[in-house]
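Some notes on the structure that comes next.
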Amino acid sequence: MLKNPASSATGLSRRSFMTGTVSAAAAAPLLASAAKAEEAAAVHSRLREAVAVSLRINGQPYALSLDTRTSLLDALRDHVGLTGTKKGCDHGQCGACTVLVDGKRVLSCLSFAVMNQGSEVTTVEGLASSDGKLHPMQQAFIDHDAFQCGYCTPGQIMSAIGCINEGHANSEDDIREFMSGNICRCAAYPNIVAAIVQARDQTRGT
Amino acid sequence: MRPFVYEQPNDISAAVAIASRFTTDDEQPTRANAQFIAGGTNLADYMKLGVAVPNRLLDLNRLEEPALRQIRVSDDGIRFGALVRMGEAADHAEVKRRCPVIADSLRLAASGQIRNMASLAGNILQRTRCEYFRETSWPCNKRVPGSGCAAMEGFNRQHAVLGASDACIATYHGDFAQALIALDAVVRAEGSRGARKVPFARLHRLPRDTPHIETDLAADEIITAIEVPAVAWARRSRYLKIRDRESYAFALASAAVALDLDGDSVREARIALGGVATVPWRARAAEAALQDKKLDEASADAAAQAAFADAESRQHNAFKVELGKRTLVRALLETRDMKV
Amino acid sequence: MDAAAPKPGENQGEPLPRIDARLKVTGQAHYPADLPTANIAYGALSTSSIARGRVTKLRLDDARAVPGLLDIVTYGDMDKVEKPKFGNSGATSIGPLHDRTIFHDGQIIALAVAETFEAAEEAAQLIRAEYEEEKPTASFDSPGAKTVDAAGKNPMHKEDVKAGNFDAAYAAAPVRIDARYSTPTQHHNPIELFSTTAFWQGDQLIVHEPTQNVTGWKVELARQLKIDPANVRILSPFIGGAFGSKGPMTPRTAIVAVAAKRLGRPVRCVTSRMQAFGTQTYRAETRHRIRIGAGRDGRITAFAHEGWEVTSRADAYVVAGTSATGRMYDYGSVLTHVSLVEADRNTPGYMRSPPETPYVYALENAMDEMAVTLGMDPVEFRRINEPKVEPIGKKPFSSRSLIQCYDQAADAFGWAKRDPKVGAMRDGDWLVGMGCATAIYPTAAAPCAARVRLTSDGDVRVQCGSHEIGTGVRTVAGQMASERLGVPIDKVNVEMGDSSLPPAPVSGGSISTASVCSAVLKACDAIRTKLSVGATAEGRPLAGSHNEELDFADGKIVAKGGASAKIEDVFKIMQVGAIDEYAEFAPKGATPGALKKLYAGQPEFHGGDHDEDSVKYAFGAEFVEVRINRYTREIRVPRIVGAFAAGRIMNTRTARSQLMGGMIWGIGQALQEATEVDGRYARYVNRDLQDYLVPVNADIRDLQVILVPEVDHAVNPAGVKGLGELGNVGTAAAVASAVYHATGNRIRDLPIRIDQLIA
């Protein structure tokens, strides 16, 4: 049985695990053969190469050169300059980074940009029409005061549009459940639900 | 995050071939240099945290085999392609009708956005959310074998009371897997050593003294499909999930239940428990306890006692034993009362 | 009219939509980390993994080898700047890079700066520290915890309030309770991540950072960097939620400024969600002992409230909510005492309703227990003990509409239908419970400056260095100008969140609307005076009218008799294009140096319990219904009603939203929020939004806010009582009361979770 050094005086010393982060890499087995070593060398030679990524964002084509690690969120914010999409946790826990990819709402922080090659991305900046007329969801958010600080709002709005598209806005209960991936720390929730009901009814023409 | 090379194989055999080139036979998939990515909702998170450190990602989303993206319903059962997204399966009319427990387990998991992203295969392979596993400055036997476990004597409210070992008490947090294990699902996988079928119950490994070995899969093996055999009475099934908030939270306790009833009496019960165990947890003792019994609060309670007979709790998770029992009792009674 | 826009009652302003709403729904509202900055370098923090000890060695080689790495700021690199100061504008006195001592978990040990965000993160993760570790003290019961009297340790708590002879009265009381309560560690977790972007233009330092205190930070940052405050500009045009977390500046700001100076280019550091738990402030855990003695008629004769609060070893952070709880009811005698418990933790800080949230929770839970003990309806119990004057200094309340709040909320809630018997109400498998509690928050105001400009074509520009943290202050400041100058709101532009604007106090303590609106009011009135003079002089259109009889409406100046003059015509007559007025508002009782202190980032707070003539508080009453499953015991809140009276309501829409948000905060505090501290290592365990739970949409169902009309001319010229922090005071006690009603379990330790109900 393994010792539990965190709770016992024996075993691995507390000091040694505190000297830095312990990650799987530290203990990753060496590659078995010379062939593998060659492969490893090949990997390292390409490791930090920038990759070309083509995206259509709000109808406009973009050709980007990105680190493979760059999230779709950081690509939008830091490389395209569309800062409407927000970083609230960077780990898929808050929903502030929600965008539509090929019409579906996703978390742009958990998606590597390179995986979205050729995709159509819609952000909050792409909703209003070119004459400045707001999308019904944007107007509904204003009408129902569905935000306070406004930081989670782009994610809420994109998620709300996705929620209706998915057919998950048929009742207030549904809206509450299917919008629960978007945390609003100011807690405008009842107003968000009311806004989505309004926009749903308008976009359905009822 | 460590840098990685990104590849987009075109088909399953290409993906396997690349994975095979960059991994070794004895390597765990979660620790390999080359790792597969589909939705990325679990892997990208763990890469950012430095918990997962692949230097090569094989993106499965461009695999051309159509079956990977299909849900096929037939007299034999339901076959879910590995790349089907959780949200799609949760909304599938036939899945909802034939196996409500599956649709429920998917609908009650994560958030709408994550369900749109996460693949079914990725979901069942999701790794524990143990706080001490997630933060690399803590010792963790699952993350770094032999480094110790900080959770045992730490804050362990969300940790497992079933299936734990002296090395690891991390909970398996998935929901879908509970439905699958209850319904005797089978996983199809392809790797350099060919294609095979893995009974769902054998897919996940108990932590024992090797908690870093999480599944039965090899590092170059790809799950291609999940098959749920047809069980007509699975229409009487449901998934009950108890959590600290109404939505977007992991289970403190959950129960997947399917019942074949003859009037009030149980011909067959299928029961799996979530949120309380280190792996997807089939509660066979509870199933046996209900066999041919009239299902009422007393027999449900007896089944729950059987399910948790071997439970072991720690400082903060003792409530899970009682909660787990009551969750099962409630799930059984609610499933009994379903109108099908 | 929809629920979001309540019809204004007496002394309540129109529910205008937020004037920055369009920016917020189109993604054009630029929060500090959004502001475009050329040639930016990215910073990432490396933080300690121990809570107490010393860094003996820092291994930077792996980090330095990361391609794209530009710099690492660490020990030695901050020697030429001053250490931070704990106080009004500074979160802590700990200068994390000033020496190698580790005071708490997650303390900054280095800042890696690189060409890309990815490289900076990679490098920061590769920085390895070796420590000489000492056994840390985590919290109250940990070995090494040091308990000291709070009084006198911090200007926020000069003395423990008391009145009469508690001991004798308590001993003589026929009915007594003596109970202990606790609240957990909590982190604000605004959804906007904490960030600093700094760049230098010659001697000028420009910082983009979300803050509730641009002026205070300007002065404090200049002090640390030993430069003239005139050379520092803090920009925070929009703030993505604050709740107190962005009030005091943390040490990161100066570190990023130093990095930008070293590199000669802008540096942006966005702190990760996890790192924020150790690098920012938080609400520390508290404990309470409450004793109440009462007669069988329900009249309280004795009240004692003892509080214990955790703080860091470095700084004596105190909230001491006994000031409010000791004045809440007509107690007869009062005894209070607050202790600080020093531990190896980062310094706590203000979190939405800092003193009242924990202390009033304890008081109100105890009040409910006492009502149960007396066999009395909890609303009646409070009614019986409603004071004419506050018990400590025997001063009147400037206004107190608590009973009106109770009556209106009880009516809307249907309190009369409640069966008072414990466990008597059920709905199928769900136990139903109903409870209530009082909300209270001190009404304060601070000196504030504002500049208002009205042009001949009717455009208004309001400039004030306050902060739009989501409260709607930008909107209500504009609304005040719109009303006073008689121009439509869409002609009003409001600039805030910039230290180069006229200074405003920290946006904390619910003082912003009162302070800002009072300053804007004053500036507008100066403009009115000039225009009035222009309009009423001999030969002018309104000649013969008196200034004070004029009304400004619809772009006109209207005299009492109905004669009017278009404002644009008055401008023409006066031969000016615009009138610009700079006003400085100082609340009643302000010291002679109060305005000077405003410019120095040290605003004086007046009101609350500080004033001679009266005490000033806003009140509310909250009613909650809970449902608890009879098997699995999860707690849901299907219904909550709050009625609040807070003087003049500038805008019923933004007021309702703030109160609603507060009530939902209260539900979260009752049922979910807790930062778990690993007692062995004094480290935070659940450091993200996966494990630190806050309410989600599905948690909130039927929520009603009632704005009870109230007029109070004593509080400030605007007649406004702040309400940003009122809504979440008392909520947790109302939930605890409802849980008791449903189950018979009196839960005294927050949060109330399944764990406590399932045993």
Side-chain angles (χ1 to χ4, degrees), chain A residues 6-7 14-15 18-21 48 67 69-70 74 77-78 81-91 93-94 96 123-125 127-128 134 138 141-154 157 175-177 179-194, chain C residues 2-5 17-18 20-22 24-31 33-34 36 49-50 67 116-118 125 128-131 133 189-193 238-243 270 272-273 469-472 653-654 657-658 660-661 664-665 680 688-690 694-698 700-701 703:
Chain A
S7 60
R14 165 117 185 116
R15 173 91 193 256
M18 281 304 182
T19 54
T21 57
R48 294 175 188 278
D67 190 315
R69 295 171 290 182
T70 303
D74 288 332
R77 290 179 55 83
D78 294 341
L82 291 173
T83 55
T85 307
K86 300 296 188 235
K87 187 181 282 193
C89 70
D90 216 20
H91 288 271
Q93 301 161 355
C94 77
T123 72
V124 72
E125 290 95 338
L127 294 179
L134 296 177
Q138 292 173 310
F141 266 61
I142 295 177
D143 293 345
H144 293 272
D145 206 38
F147 50 84
Q148 291 176 41
C149 79
Y151 193 82
C152 73
T153 309
I157 287 174
I175 293 169
R176 280 188 276 264
E177 167 58 31
M179 286 298 292
S180 280
N182 291 82
I183 293 175
C184 174
R185 188 56 161 151
C186 300
Y189 297 127
N191 294 2
I192 291 169
V193 174
Chain C
D2 69 77
R18 292 166 197 267
D20 46 15
R22 188 184 168 96
K24 287 182 175 179
V25 300
T26 54
Q28 301 307 314
H30 287 139
Y31 299 80
D34 303 336
S49 58
I50 68 162
T116 65
F117 170 72
E118 293 78 18
Q125 286 183 355
R128 298 273 186 273
E130 291 178 18
Y131 303 101
E133 196 194 356
N189 280 304
I191 297 303
E192 179 188 26
L193 293 173
F238 286 89
I239 296 101
F243 317 113
V270 179
S272 74
R273 175 66 55 188
I469 55 177
T471 56
R653 176 192 300 263
T654 55
S657 280
Q658 275 199 88
M660 176 180 81
I664 296 170
W665 262 60
R680 300 166 299 174
D688 58 24
L689 292 173
Q690 171 189 295
V694 300
V696 294
N697 204 318
I700 307 305
R701 304 181 75 82
L703 182 148

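Chain A is the first sequence line, chain B the second, and so forth, proteins listed ahead of strands; every chain is numbered from 1.
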Item to complete: Select one option (side chain, backbone, both, neither) describing which atoms of Ala96(A) are under 4.5 Å from chain C's heavy atoms.
Response: side chain
Discussion item. Please identify, among Ile175(A), Val193(A), Thr83(A), the residue contributing the most non-hydrogen atom pairs under 4.5 Å to chain C.
Written reply: Thr83(A)
Practice prompt. Using a cut-off of under 4.5 Å on heavy-atom pairs, state which of Gly241(C), Gly27(C), Ser657(C) scores highest against chain A.
Written response: Ser657(C)
Fill in: Ser180(A) side chain to Ala698(C) backbone, donor-acceptor under 3.5 Å
yes
Discussion item. According to salt bridge (Lys or Arg N to Asp or Glu O under 4.0 Å), who are the partners of Asp90(A), at least two apart in sequence or on a separate chain?
Written reply: Lys87(A), Lys48(B)
Worksheet, complete the sentence: In short, Ala4(C) meets His144(A) closest at the heavy-atom pair CB-O, 3.3 Å
Item to complete: Flag the one option from Ile142(A), Thr153(A), Asn182(A) with the top tally of heavy-atom pairs under 4.5 Å to chain C.
Response: Ile142(A)
Worksheet entry | Atom of Leu134(A), atom of Val25(C) and distance for their closest heavy-atom approach | CD1-CG2, 4.3 Å
Worksheet, complete the sentence: On a heavy-atom basis, the closest approach of Arg176(A) and Asn697(C) is CG-OD1, 3.3 Å
Discussion item. Can you tell me which portion of Pro17(C) sits under 4.5 Å from chain A's heavy atoms? Options are side chain, backbone, both or neither.
Written reply: side chain
Response to the item:
Note: Arg18(C) and Asp145(A) closest approach over all heavy atoms is NE-OD1, 2.6 Å
Worksheet item: So, the side chain of Arg653(C) versus the backbone of Asp143(A): is there a donor-acceptor pair under 3.5 Å, distance only?
Response: yes
Response to the item:
Assert top hit (heavy-atom pairs under 4.5 Å, partner chain C, pool Leu82(A), Asn191(A), Ile192(A)) equals Asn191(A)
Worksheet entry | Portion of Leu193(C) that has a non-hydrogen atom of chain A nearer than 4.5 angstrom | both
Fill in: Contacting region of Ile183(A) [heavy-atom separation from chain C under 4.5 Å]
both
Discussion item. Can you confirm whether Met660(C) sits close enough to Pro190(A) that some side-chain heavy atom of one is under 4.5 Å from a side-chain heavy atom of the other?
Written reply: yes
Discussion item. So does Ala33(C) get a backbone contact from the side chain of Arg77(A), meaning a donor-acceptor N/O pair under 3.5 Å?
Written reply: yes
Fill in: Residue among Gly84(A), Cys152(A), Cys149(A), Gly150(A) with most heavy-atom pairs under 4.5 Å to chain C
Cys149(A)
Practice prompt. Say whether, by atom type as modelled, one donor and one acceptor occur between the side chain of Tyr189(A) and the main chain of Pro695(C) under 3.5 angstrom.
Written response: yes
Worksheet item: For Gln28(C), is it the side chain, the backbone, both, or neither that has a heavy atom closer than 4.5 Å to a heavy atom of chain A?
Response: side chain
Worksheet item: Is there a donor-acceptor pair under 3.5 Å between the side chain of Lys24(C) and the backbone N or O of Gln148(A)?
Response: yes
Fill in: chain A interface, residue from Val694(C), Val270(C), Leu703(C) that has the most non-hydrogen pairs under 4.5 Å
Val694(C)
Practice prompt. Could you check which of Glu177(A), Lys86(A), His91(A) has the highest count of heavy-atom pairs closer than 4.5 Å to chain C?
Written response: Lys86(A)
Item to complete: Please look at Ile239(C) and chain A and tell me whether the side chain, the backbone, both or neither of the residue comes under 4.5 angstrom of a heavy atom of that chain.
Response: backbone
Worksheet item: How long is the span from the CZ atom in Arg185(A) to the CG atom in Asn189(C), to the nearest 0.5 Å?
Response: 6.0 Å
Discussion item. Less than 4.5 Å to any heavy atom of chain C: does that hold for the side chain of Asp74(A), its backbone, both, or neither?
Written reply: side chain
Worksheet entry | Validation row: Cys186(A), Phe243(C) side chains within 4.5 angstrom (heavy atoms) | yes
Discussion item. A side-chain contact here means heavy atoms from C-beta on lying under 4.5 Å apart; do Phe117(C) and Asp67(A) qualify?
Written reply: no
Fill in: Side-chain (Tyr151(A)) to main-chain (Gly470(C)) donor-acceptor, under 3.5 angstrom
no
